[in-house]
Amino acid sequence: MTTRERTYARANNQRAAQYTELWVIGRPEDIAAMIRVASASGRLVYASPPTRMGGDDNRHRRYLRLRTT
């Protein structure tokens with residue numbers, strides 16, 4: 001591995017470590033409260049639109065990307 005490749009790999013690992021990505025499943029009002037708190041703290045980077053779970057399940061699913069530092 002060349003020095004350039006090692007530097008690039010290290011930079012990619014550092015960028016990846018700056019974020020946490022997760023799927024949140026729950027009632028719409030609970031997820032909305034979570035997003036408000038994450039947004040107010042400055043950690044929210046991205047929130048997907050809500051998606052219904054389907055069938056008789058009333059819960060929603062959202063993808064969140066949060067800043068870790």
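We count residues from 1, following the sequence as given. Because the structure is predicted, anything quoted here is derived from the model rather than measured. These values consider heavy atoms only, across backbone and side chains, with no hydrogens, waters or symmetry-generated copies.
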Which pairs pass salt bridge (charged side-chain N to carboxylate O under 4.0 Å, His left out) with one or both residues in residues 39-56, sequence neighbours excluded?
-> none
Students should find that the hydrophobic cluster of Ile25, defined by side-chain heavy atoms under 4.5 Å apart, otherwise consists of Met53
Kindly write out the residues that satisfy side chain to side chain contact (heavy atoms under 4.5 Å, CB included) with Ala47, not counting sequence neighbours, or none if the list is empty.
-> Ile35, Leu44, Arg62, Leu64
Nearest 0.5 Å, what's the OG1-OH distance between Thr51 and Tyr63?
-> 13.5 Å
In the single-linkage hydrophobic clustering (I, L, V, M, F, W, Y; side-chain heavy atoms under 4.5 Å), do Tyr46 and Trp23 co-cluster?
-> yes
Which pairs would a plain distance check flag for residues 26-33, meaning a side-chain donor or acceptor within less than 3.5 Å of a matching protein atom at least two apart in sequence or in another chain?
residue, atom, partner, partner atom, Å
Arg27, NE, Glu29, OE2, 3.3
Arg27, NE, Asp30, OD2, 3.0
Arg27, NH2, Asp30, OD1, 3.1
Arg27, NH2, Asp30, OD2, 3.3

For Arg59, enumerate each residue passing the side chain to side chain donor-acceptor pair (under 3.5 Å) test, keeping only those at least two apart in sequence or located in another chain.
-> Asp57
Smallest separation among heavy atoms of Ser41 and Ala38, with atom names | OG-O, 3.0 Å
How would you list, by chain and number, every residue that makes a side chain to side chain contact (heavy atoms under 4.5 Å, CB included) with Val45, sequence neighbours excluded?
-> Tyr19, Arg65, Arg67
